[in-house]
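Report on the following structure.
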2 protein chains.
Amino acid sequence: MSEKTGGPSMTERLEAALVEEIATGQIAPGERLDESVLAQRFGMSRTPVREALNRLVAQGILVPGEKRGVRVAEYTHEELAQIFEAMHEIEAVCAQLAAKRLSLLSRARIETAQAGCLAAAEQGDIPAYLRANEALHMAIYDATENPFIKQMATEFRRRTGPFRAKKFRTKADLIASAQSHMPLIEKIFSTDSHGADAIMRSHMTESFLQVLAANG
Amino acid sequence: MSEKTGGPSMTERLEAALVEEIATGQIAPGERLDESVLAQRFGMSRTPVREALNRLVAQGILVPGEKRGVRVAEYTHEELAQIFEAMHEIEAVCAQLAAKRLSLLSRARIETAQAGCLAAAEQGDIPAYLRANEALHMAIYDATENPFIKQMATEFRRRTGPFRAKKFRTKADLIASAQSHMPLIEKIFSTDSHGADAIMRSHMTESFLQVLAANG
DNA sequence: AACTCATATTTTGCATGCAAAATCAATAAA
DNA sequence: TTTATTGATTTTGCATGCAAAATATGAGTT
């Protein structure tokens with residue numbers, strides 16, 4: 001009786017495809033997206049393409065081009081600093097709330113995700129690490145028990161995705177990253193919300209500098 | 001030679017109109033929005049209506065209806081608590097950053113806005129107070145010097161608009177609200193970021209309870 | 001009255017077409 | 001060589017139409 005009505009529409013499929021391609025860098029920041037080209041490439045008319053592009057613009061993943069069309073959001077160094085600051089501030093809030101509200105379930109999810117990070121790092125498997133890292137962050141966002149804050153954090157994560165991805169080049173990068181999670185997780189597990197917030201903040205500058213280095 | 005090309009499109013006009021009508025409560029939370037009806041009402045075809053609705057859905061102002069169409073976002077008490085928590089957390093971040101970075105210009109803007117609040121409150125002019133209050137918040141968001149954080153805060157403000165509006169019924173409400181800004185502004189002006197954050201937080205529960213009371 | 005099942009109606013998602021606006025290209029003038 | 005100007009071309013924004021999905025309606029059955 002209660003089947004989730006309706007399969008994915010063309011609009012939704014395109015939207016998902018674009019999010020994916022942008023996140024993985026297949027479509028680079030600054031690149032222009034042409035309605036008709038996309039329509040042809042995905043075998044649909046311009047109408048659903050437009051809808052998908054509109055949604056992505058609303059999410060800040062795409063921006064209206066200076067002259068025409070839309071392009072993948074691209075930031076100056078200053079803007080990059082600002083967007084990372086915003087993301088880190090939200091993540092600090094998340095860490096704080098997670099520590100304050102930690103449930104057994106949340107704790108288990110965070111532990112599992114962190115184990116996944118360590119495993120992927122040990123194997124030097126970058127794509128696996130990216131996924132595991134993502135899962136860890138989501139687990140922390142979930143632990144806030146606030147879906148609105150989670151959504152906000154997730155959106156910023158999407159927007160910064162293309163830039164963060166470049167940070168990870170070697171196995172050493174992965175291991176360093178996975179290790180750096182530990183103090184934060186410990187603070188969350190000991191329900192030290194102030195400490196969790198402080199640690200998150202202390203990582204901000206460092207983390208941003210790495211991003212900047214990786215993105216010229 | 002650098003005129004901002006292009007006037008507002010039909011899509012943009014409808015979007016703005018709907019944001020306005022929803023913010024002021026003319027269209028109530030839960031109400032269903034029909035494409036064809038809107039198209040007729042605003043003298044345009046369904047295409048631009050759809051685009052506008054899509055954007056508003058992406059902003060969380062509208063949500064996809066259970067059966068069909070879209071409706072104005074409506075929240076349970078629990079969700080209301082969550083969304084206000086999210087907004088307040090962001091505002092706390094804003095207050096902190098504003099205090100940390102306060103420029104002369106920002107200070108002047110905040111002062112002007114607060115003067116406007118007091119004036120409107122004295123006169124018991126509710127619409128004017130709402131506008132002035134909005135301006136004050138925007139001035140504080142601007143003072144963060146971070147457009148991304150400002151945008152995020154603004155979006156939450158929009159989403160909570162319909163619920164906050166009901167808080168103000170009498171002149172006394174306005175005066176109380178305007179007065180309650182003072183300690184926060186003082187902390188910001190004395191660049192006491194920790195204090196600003198603390199004050200913002202201390203207002204959270206109180207503010208939310210008022211909203212809840214006003215919204216059944 | 002409650003439950004099917006079939007049929008009518010509404011609503012959606014998408015394709016297509018077109019006119020206006022914006023951009024580009026090419027030529028002419030300074 | 002730069003600067004205007006004009007015309008060609010692309011791109012956009014929107015209207016319209018239609019088929020399929022979703023929903024409401026209603027008759028017939030238990």
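Order of the sequence lines fixes the chain letters, A, B, ..., with proteins taken first and strands second; residue numbering starts at 1 for each chain. On a predicted model such as this, the values are computed, not experimentally measured, just so you know.
Distance from the side chain of A:Asp34 is smallest for D:dT11 among the nucleotides D:dT23, D:dA15, D:dT11. Picking from D:dC14, C:dT12, C:dG13 the nucleotide with the shortest atom distance to the side chain of B:Met10 gives D:dC14. Proximity note for B:Arg68 (side chain, C-beta onward) versus C:dT10, C:dC14, D:dG13: the nearest is C:dT10. With D:dT11, D:dA15, D:dG13 as the choices, the nucleotide that has an atom nearest any side-chain atom of A:Arg46 turns out to be D:dG13.
What separates CD of A:Glu15 from P of C:dC14 is a distance of 12 Å, to the nearest Å. The distance from atom CG of B:Leu14 to atom C1' of D:dA15 is 16 Å, rounded to the nearest whole Å. Here D:dT16 presents its C1' atom at 14 Å from CD of B:Glu35, a figure rounded to the nearest Å. Rounded to a whole Å, the CZ atom of B:Arg32 is 13 Å from the P atom of C:dT10. Across the protein-nucleic acid pair, A:Gln40 atom CD and C:dT16 atom P stand 12 Å apart, rounded to whole Å. Summarising the geometry, the separation between CG on A:Leu38 and C1' on D:dT11 is reported as 14 Å, rounded to the nearest angstrom. The CZ-P distance, from B:Arg71 to C:dT11, rounds to 13 Å in whole Å. The separation between B:Phe42 atom CZ and D:dC14 atom P is 14 Å, rounded to whole Å.
At the phosphate of D:dT12, neither OP1 nor OP2 sits under 4.0 Å from any side-chain N or O atom of A:Arg50. A close approach under 4.0 Å does not occur between any side-chain nitrogen or oxygen of B:Thr47 and OP1 or OP2 of D:dC14. Checking the phosphate oxygens (OP1, OP2) of D:dT11, no side-chain nitrogen or oxygen of A:Ser36 falls inside 4.0 Å.
When each of A:Glu89, A:Glu85, A:Glu91 is tested with A:Arg201 by the rule salt bridge (Lys or Arg N to Asp or Glu O under 4.0 Å), just one qualifies, namely A:Glu89.
Comment: A:Arg71 does not engage A:Glu66 in a salt bridge, judged by the lack of any side-chain N to carboxylate O separation of less than 4.0 angstrom. Comment: B:Glu111 engages B:Arg107 in a salt bridge, judged by a side-chain N to carboxylate O separation of less than 4.0 angstrom.
Take the nearest nucleotide of DNA chain D for A:Gly69 and for B:Met44: the residue whose nucleotide is more 5' is A:Gly69.
The closest side-chain donor-acceptor pair between A:Ser177 and A:Ser180, if any, does not fall under 3.5 angstrom. For A:Gln59 and A:Glu15, the side-chain atoms include at least one donor-acceptor pair closer than 3.5 Å.
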